[in-house]
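Chain letters run A, B, ... following the sequence lines, proteins first and then strands; every chain starts at 1.
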Protein chains: 2
Amino acid sequence: MMPKTSHAAGLHRASLEKLHDLDAALELMYYGWRGMTLLADEYLAKRGLSRPHHRILYVVARRPDIAIGSLIEILGISKQALNRPLNLLLERKLLTSKRSPEQHRSKLLRLTQAGHRIEQRASDHERKVMRDAFDRVGAPGAAAWMAVMETIADNN
Amino acid sequence: MMPKTSHAAGLHRASLEKLHDLDAALELMYYGWRGMTLLADEYLAKRGLSRPHHRILYVVARRPDIAIGSLIEILGISKQALNRPLNLLLERKLLTSKRSPEQHRSKLLRLTQAGHRIEQRASDHERKVMRDAFDRVGAPGAAAWMAVMETIADNN
DNA sequence: GGCGTCACGTCAATATAGTTGACATGAGAA
DNA sequence: TTCTCATGTCAACTATATTGACGTGACGCC
């Protein structure tokens with residue numbers, strides 16, 4: 001539900017009247033997501049990639065030899081939606097796909113060296129933002145942040 | 001960078017291997033945003049509305065008599081992008097627009113009773129999620145959450 | 001009183017990120 | 001052999017954005 005201002009590059013928090021005491025929290029969730037992903041998205045954009053590509057790289061990095069079907073399930077998108085970004089990553093040789101020896105009908109995905117590098121750098125941008133924020137509140141504050149987010153995330 | 005599972009309705013947190021200690025935080029940010037907006041989005045969808053409509057209603061609720069140009073600036077979108085959702089809200093009579101007595105060239109937007117009701121109910125869904133999460137960690141935990149998110153949000 | 005600018009409206013083309021449906025292929029299992 | 005699984009791909013569509021161009025009515029000013 002929110003905003004931006006003068007500078008073209010980055011939106012900043014709007015100073016809207018608060019009608020409820022939790023309005024600030026709603027706005028922080030919105031701006032927080034943007035704040036965390038802003039640098040990573042800029043980094044990816046310079047390489048002609050975007051969030052969907054990062055999501056694929058992120059998952060494959062953590063599940064080497066994942067099959068395409070599993071990837072679709074984890075990402076929560078259709079195979080048609082996966083197709084384009086996945087093929088781009090294969091063309092760019094950020095990912096490799098090979099069929100497994102036994103289960104010859106599924107393709108197993110892996111990151112190449114270059115793929116690892118990009119995944120790491122993009123995620124590093126996001127982790128740095130989190131680290132800086134956690135450093136300001138110390139370990140107990142960080143733990144509280146995690147606890148709050150877990151409660152919200154599991155609200156399904 | 002993430003996920004989903006069996007049920008069609010709501011994604012749930014993926015159990016991916018953590019390569020870095022802050023990976024959990026990255027995933028929580030992703031799922032947290034979804035978790036907070038899930039119920040509100042379902043509520044809005046039942047009424048043929050979506051996030052952009054809610055953003056407009058949210059801002060107008062907090063800036064009665066806002067001009068279209070200011071709304072564009074706050075939302076950070078182009079006037080062409082604003083056009084469709086704004087006109088829908090006007091057609092549905094959730095918003096009114098009138099020209100001001102003096103400044104006859106700008107249009108002033110206001111919520112109708114129905115508009116207020118929808119804005120309030122949608123935002124209530126989000127505030128409830130936040131309230132439940134804050135209740136679990138108490139006031140100091142909530143303050144820590146806010147402090148972390150402010151640092152991240154201002155990362156522009 | 002005319003000129004320029006401001007605020008708004010709208011048309012067209014494009015991009016991105018997704019959807020559903022249909023259909024094809026090669027591999028394995030029954 | 002036939003059925004099903006895992007994958008690939010084509011087409012059409014939706015939603016949400018973008019930029020550029022152009023139009024109109026309302027002021028502001030010399």
Side-chain angles (χ1 to χ4, degrees), chain A residues 1-4 8-9 11 30 33-34 37 41-42 44-45 47-57 60 63 65-91 95-109, chain B residues 1-4 8-9 11 30 33-34 37 41-42 44-45 47-57 60 63 65-91 95-109:
Chain A
M1 66 268 342
M2 311 69 215
K4 112 110 192 227
L11 310 186
Y30 177 88
W33 171 251
R34 261 149 200 72
T37 57
D41 283 345
E42 282 171 8
L44 291 162
R47 278 142 196 86
L49 302 176
S50 58
R51 201 121 288 275
H53 305 105
H54 187 198
R55 300 215 304 153
I56 294 169
L57 296 175
V60 176
R63 285 263 178 88
D65 284 336
I66 190 175
I68 291 187
S70 309
L71 183 56
I72 284 167
E73 221 179 281
I74 290 178
L75 294 175
I77 59 175
S78 61
K79 64 178 171 180
Q80 296 89 333
L82 178 63
N83 203 303
R84 271 173 174 274
L86 181 60
N87 281 332
L88 181 66
L89 296 175
L90 288 167
E91 279 167 29
L95 280 184
T96 56
S97 86
K98 62 158 195 232
R99 313 209 94 113
S100 81
E102 328 78 38
Q103 273 295 101
H104 202 62
R105 51 187 177 190
S106 47
K107 272 190 182 176
L108 307 183
L109 302 173
Chain B
M1 65 268 348
M2 320 60 218
K4 113 105 190 236
L11 311 186
Y30 178 90
W33 172 251
R34 260 148 202 73
T37 57
D41 284 344
E42 282 171 9
L44 291 162
R47 279 143 194 86
L49 302 176
S50 56
R51 200 120 290 273
H53 304 105
H54 185 197
R55 299 215 304 154
I56 295 169
L57 295 174
V60 176
R63 285 264 179 87
D65 284 336
I66 190 175
I68 291 188
S70 308
L71 183 55
I72 285 167
E73 221 179 281
I74 290 179
L75 293 175
I77 59 175
S78 61
K79 65 179 171 180
Q80 296 90 332
L82 179 63
N83 202 303
R84 272 174 174 274
L86 181 60
N87 281 332
L88 181 67
L89 295 175
L90 288 167
E91 278 166 29
L95 281 183
T96 56
S97 85
K98 63 158 195 232
R99 313 210 94 116
S100 81
E102 328 79 38
Q103 272 294 101
H104 202 60
R105 52 186 175 191
S106 45
K107 271 190 182 177
L108 307 183
L109 301 173

For [X] and [N], give me the distance from atom [atom1] to atom [atom2], rounded to whole Å.
X: Asp41(B); N: dG18(C); atom1: CG; atom2: C1'; result: 15 Å
X: Arg55(B); N: dT16(D); atom1: CZ; atom2: C1'; result: 11 Å
X: Gln80(B); N: dC22(D); atom1: CD; atom2: P; result: 14 Å
X: Leu108(B); N: dA26(D); atom1: CG; atom2: P; result: 15 Å
X: Ile68(B); N: dA26(D); atom1: CD1; atom2: C1'; result: 15 Å
X: Arg99(A); N: dT7(D); atom1: CZ; atom2: P; result: 7 Å
X: Leu86(B); N: dC8(C); atom1: CG; atom2: P; result: 10 Å
X: Ile72(A); N: dT20(C); atom1: CD1; atom2: C1'; result: 14 Å

[Y] side chain reached by [X] side chain, heavy atoms, under 4.5 Å:
X: Arg63(A); Y: Leu71(A); answer: no
X: Ser50(A); Y: Leu44(A); answer: no
X: Leu49(A); Y: Leu88(A); answer: yes
X: Ile68(B); Y: Ser106(B); answer: no

Requested in this report: Determine to 10° how strongly the helix from dG1(C)-dC30(D) to dA30(C)-dT1(D) is bent, judged from the axes of its five-pair ends.
Outcome: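 The helix from dG1(C)-dC30(D) to dA30(C)-dT1(D) shows an end-to-end axis angle of 0°.
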Requested in this report: Pick base, sugar-phosphate or nothing for Ser78(A), based on heavy-atom distances below 4.0 Å to the nucleic acid.
Outcome: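 Answer is base: heavy atoms of Ser78(A) come under 4.0 Å of a base.
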Report task. Would you classify Lys79(A) as touching base, sugar-phosphate or nothing, given that sugar-phosphate means primed atoms plus P, OP1 and OP2, and contacts are heavy atoms under 4.0 Å? Result ->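 Lys79(A): base contact, heavy atoms under 4.0 Å.
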Check every atom of [options] against the side chain of [X] and return the nucleotide holding the closest atom.
X: Ala67(A); options: dT7(D), dG26(C), dC27(D); answer: dT7(D)
X: Arg105(A); options: dG28(C), dA7(C), dT7(D); answer: dG28(C)
X: Ala81(B); options: dG18(C), dA17(D), dC8(C); answer: dA17(D)

Query - dG9(C) phosphate, OP1 or OP2, under 4.0 Å from Asn83(B) side-chain N/O - result: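 Result: no.
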Requested in this report: Give a yes/no on whether any side-chain N or O of Ser50(B) is located under 4.0 angstrom from OP1 or OP2 of dT16(D).
Outcome: yes
Query raised in the report: Does Arg84(B) CZ have over 12 foreign heavy atoms under 6.0 Å away?
Result: no
Query raised in the report: Do any N or O atoms from the side chain of Arg99(B) and from the backbone of Arg105(B) form a donor-acceptor pair under 3.5 angstrom?
Result: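 Yes: the side chain of Arg99(B) pairs with the backbone of Arg105(B).
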Query raised in the report: Quick check: does any side chain N or O of Ser70(A) sit under 3.5 Å from a backbone N or O of Ile66(A), one acting as donor and the other as acceptor?
Result: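 Absent.
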